[in-house]
Structure formats: structure tokens, C-alpha cells
Amino acid sequence: MPELPEVETIRRDLQQEISGDTLIGAEFFGSRSAYSGDANAFIRQIAGSSIREIQRRGKYLLLALSNGEYIVVHLRMTGRLIIRQSDEPNDRLVRLVLRLASGRDLRLEDLRKFATVELLTVGGLAALFDRLGPEPLSSELTPERLGEILSHSRRGLKASLLDQSLLAGLGNIYVDEALFHARIHPDRPASGLSTAELKRLHQAIRHVLQAGIDTRGTTFSDYRDGLGRPGTHQYQLQVYRRTGEPCPTCGEPIIKTRVAGRGTHVCPRCQKL
DNA sequence: CAATCAACCTGGGTGC
DNA sequence: TGCACCCAGGTTGATT
């Protein structure tokens, strides 16, 4: 579900609402814990700490705690992180509740139970970050850097762009959108792009991610922001889930294929192989 | 290496 | 209405 724009939207909501708040307790629910370690140890570790700041790296959300540790959440496909009043009854999808001193909860809800929670020290965080490529919206990512990254990959372009160790934050929706904007076919070899194509791709990636953030993310079914509200970017998508509809540029029907094992949307006229 | 696929889960949609 | 099957925003690990 959530890709960089959705995670960033949640981050901003949480930063606004609960930074400075204090964690007074936690409770796990349901089968298959979101936390792989000892749940009681987790709860003991975090209780009493305040939330200094909410950060994001790629698709990971980080709650930086006053005790120096980090609660690291990955929402995977259907995870949500939503602030609710403590007296609100729990949704059946709730897997973890973090209780706040302000009388609110931060609840992890997740239909498919893929979402993960970790508790890391700065060292653990550094190790996690090391496994991720650069942030697409940072000044680190230039067309040259993008070309450098892709030049070492012998895979297809879409598969490479989805690889979080090469670039952190893109998922299936925004990759399809970026490739459409850049007018490049997802099956092109990652290493074969011209300078002009790299420039277009760089600009397209940043454009679609920023547009996703500006419209508070894409909601098809599960995604919600930090306050439980759907995003609106689904109304602005050009090709994703628009199979058979006319290409906004040339009118040719959008086709759906399978690339890198994922459903992939392409304008066959604008995006040549 | 890279491509493919199954697995982790649940629910929605489709076709018979 | 029921059932079988495919699909879904992600990632990882096994297999070919």
C-alpha cells in the first residue's frame, strides 16, 4: 500500500499531532505479532519515553524516542498508523496500540498483517539506512547519480526502480506513473538510458512523488493518513489502474502487462521499448 | 547475477 | 448463493 508519498503524509500528520507526547503504555493484539521480539520487553523499553520526532526513510516511519531508541514501522501492503482517542473502541484490524499521555492512542491497523515494528538503537538504524538507496526527493539524487545507480544494474528498469537498495521509496504505483511521465518503457534495460532519458526520469520521479505528497497519497482501499482520512491522489493517476482508458497524452488505450512480477500499466505508443 | 515464484494474510471482484 | 480462482500498495527467501 503505502509508498513514499503515503508514508510521508503520515509522518507529517504524526509530527504535527504527537511529537512531544509521552508513551505511557502499549498493547499488542491478534495473532502473528507485528513485533518479532519479546512483546513485554518492547513495552517495558518504550514506556515512559516521549516522542522527540517522527522521521521517514524510504517507506520506513521512525518514532525517535527520548530514551535514544527508535520505533521503526514498515506498513507493507495494508498497514495504517492512525491517531485515535483512547476511548474509541478498537477496530478489529488493530495489532498494536501505543498509549499516549494526551489521552490518545497511536494504533497500528493492518488487514493483511504484513506490517512490521522494530525497536532499534542508533546503530541499528544506521545499519538499516545502509541497506537503502538515496532519498529520491533529496538533493542527493541528481540525474547523474540516478544514471550512476542504474548503470550498475543488469536488470530491467522497473525492477531496478522498485529495488529499495538502489532508490528508497518508490513502489508499484509511482514507478508506473514516473515511467509514463518520462516516456520510457518499464522493460528497458536499466543501464541503457541516454542522458536525456535520465534527465526526464529524474524529473518524473520527483514530480510524481511530490504530487503524491501534495494530494496526501493514493487511496484505493486501505490507505489512510495519520488521522484516518483517505488521500486523493488516485484521481490524478495517469496510467496506474487505468487499463483500457485513453492515454492522457495520445489517446491510445493504456495496457496492463506484467513486469518484474507486478501488474504494470503502460501507454504502448508513448512508452516504446 | 537475474528472473520467477511462493510465502506471509485477508478480502474483493469475477466467472461459472 | 456458492465456489474456485485471480488480484492487490511490499519484501524476503528458495529455486531455476
Side-chain angles (χ1 to χ4, degrees), chain A residues 1-11 28-36 56-61 72-82 91-96 108-118 128-129 131-133 136 149-179 186-192 208-209 211-213 215-225 230-244 255-265:
Chain A
M1 167 212 282
E3 305 180 28
L4 187 152
E6 289 74 34
V7 179
E8 176 62 19
T9 299
I10 295 170
R11 185 198 71 77
F28 287 90
F29 296 88
S31 59
R32 190 187 150 84
S33 175
Y35 181 65
S36 61
R56 179 191 59 76
R57 177 81 168 88
K59 301 173 190 172
Y60 290 90
L61 261 177
V72 180
V73 179
H74 195 301
L75 298 171
R76 301 290 179 109
M77 298 285 268
T78 55
R80 313 166 171 174
L81 220 35
I82 300 178
D91 195 284
R92 66 188 181 83
L93 305 177
V94 169
R95 301 181 63 213
L96 169 63
L108 174 65
E109 307 178 349
D110 185 16
L111 172 66
R112 291 176 71 179
K113 305 181 181 176
F114 294 162
T116 58
V117 175
E118 295 173 88
L128 172 65
F129 288 4
R131 282 181 255 128
L132 298 175
I149 289 166
L150 294 175
S151 71
H152 297 301
S153 176
R154 269 176 279 176
R155 285 182 289 169
L157 182 55
K158 175 164 177 173
S160 302
L161 293 174
L162 286 172
D163 186 336
Q164 304 297 298
S165 70
L166 298 183
L167 197 59
L170 283 175
N172 206 34
I173 297 176
Y174 294 93
V175 163
D176 279 8
E177 292 295 307
L179 289 169
D187 268 327
R188 283 278 300 280
S191 59
V208 299
L209 292 177
I213 294 171
T215 50
R216 305 191 57 79
T218 304
T219 297
F220 284 120
S221 52
D222 300 286
Y223 167 70
R224 296 292 184 277
D225 67 19
T232 62
H233 195 63
Q234 60 277 17
Y235 305 116
Q236 300 196 192
L237 297 173
Q238 307 283 289
V239 292
Y240 189 85
R241 290 214 193 175
R242 300 216 175 281
T243 312
I255 60 167
K256 183 175 178 186
T257 62
R258 193 154 282 268
V259 175
R262 315 291 300 275
T264 298
H265 309 77

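Order of the sequence lines sets the chain letters (A, B, ...), proteins ahead of strands, with each chain counted from 1. These numbers come from the heavy atoms of this one structure, side chains and all, not from hydrogens, waters or symmetry mates.
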How is [X] classified with respect to the nucleic acid when contacts are heavy atoms under 4.0 Å: base, sugar-phosphate, or nothing?
X        : answer
A:Tyr60  : nothing
A:Ser31  : nothing
A:Phe220 : base
A:Arg95  : nothing
A:Gly261 : nothing
A:Arg258 : sugar-phosphate

Just how far, in rounded Å, is [atom2] of [N] from [atom1] of [X]?
X        : N     : atom1 : atom2 : value
A:Leu166 : B:dC1 : CG    : P     : 13 Å
A:Arg216 : C:dG9 : CZ    : P     : 22 Å
A:Asp187 : B:dA2 : CG    : P     : 15 Å
A:Arg241 : C:dC7 : CZ    : P     : 13 Å
A:Arg112 : B:dA6 : CZ    : P     : 15 Å
A:Tyr240 : C:dA8 : OH    : C1'   : 7 Å
A:Arg154 : B:dA3 : CZ    : C1'   : 14 Å

With no angle test and no hydrogens, is the base of B:dA3 tied to the side chain of A:Arg155 by a donor-acceptor pair under 3.5 Å?
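In this structure, the two groups form no donor-acceptor pair.
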
Should the side chain of A:Ser221 and the base of B:dG12 be counted as holding a donor-acceptor pair, with the cut-off at 3.5 Å?
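In this structure, the two groups form no donor-acceptor pair.
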
Just by modelled atom types, is the A:Val72 backbone N or O under 3.5 Å from a matching donor or acceptor in the A:Glu118 side chain?
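A pair under 3.5 Å: no.
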
Options [options], nucleotide nearest the side-chain atoms of [X]:
X        : options               : value
A:His74  : C:dT11, B:dT10, C:dG9 : C:dT11
A:Leu111 : B:dT10, B:dA2, C:dT11 : B:dT10
A:Asn172 : B:dC9, C:dG10, B:dT10 : C:dG10
A:Lys256 : C:dA8, B:dT10, C:dG9  : C:dA8
A:Glu3   : C:dT11, B:dA2, C:dG9  : C:dG9
A:Arg32  : B:dA2, B:dC8, C:dT11  : B:dC8

Assess whether a salt bridge exists between A:Arg80 and A:Asp225, defined as any Lys/Arg side-chain N lying under 4.0 Å from an Asp/Glu carboxylate O.
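Not counted as a salt bridge, because no side-chain N and carboxylate O are separated by less than 4.0 Å.
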
Less than 4.0 angstrom from a charged side-chain N to a carboxylate O is my criterion; do A:Asp163 and A:Arg155 meet it?
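Yes, A:Asp163 and A:Arg155 are salt-bridged.
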
Under 3.5 Å side-chain donor-acceptor pair for A:Thr78 and A:Lys113
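No, because no side-chain N or O of A:Thr78 sits under 3.5 Å from a partner of the opposite role on A:Lys113.
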
Think [X] has a side-chain N or O under 4.0 angstrom from the OP1 or OP2 of [N]?
X        : N      : result
A:Lys113 : B:dC8  : no
A:Arg262 : C:dG9  : yes
A:Gln164 : C:dT11 : yes
A:Arg92  : B:dG11 : yes

Does the structure show a Watson-Crick or G-U wobble partner for C:dG9, both distances under 3.5 Å? Name it, or say none.
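None - no nucleotide pairs with C:dG9, as no candidate has both distances under 3.5 Å.
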
Aromatic ring pairing A:Tyr174/A:His233, orientation class (parallel under 30°, perpendicular over 60°, tilted between):
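Plane angle under 30°, so parallel.
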
Which pair of non-hydrogen atoms, one from A:Arg76 and one from A:Thr116, has the smallest distance, and what is that distance?
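Distance-wise, the nearest heavy atoms are NH2-CG2, 4.0 Å.
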
Tell me, do A:Arg224 and A:Pro230 make a side-chain contact under 4.5 Å, heavy atoms counted?
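A side-chain contact exists here, since the closest heavy-atom pair is under 4.5 Å.
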
Would you measure the distance from the [atom1] atom in [N] across to the matching atom in [M] and give it in whole Å?
N      : M      : atom1 : answer
C:dC5  : B:dA6  : P     : 14 Å
B:dC5  : C:dC6  : C1'   : 15 Å
C:dC7  : B:dT4  : P     : 15 Å
C:dT11 : B:dG11 : P     : 23 Å

B:dC8 pyrimidine/purine six-ring stacking with A:Phe114, under 5.5 Å and 30°:
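Answer is yes, a stack.
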
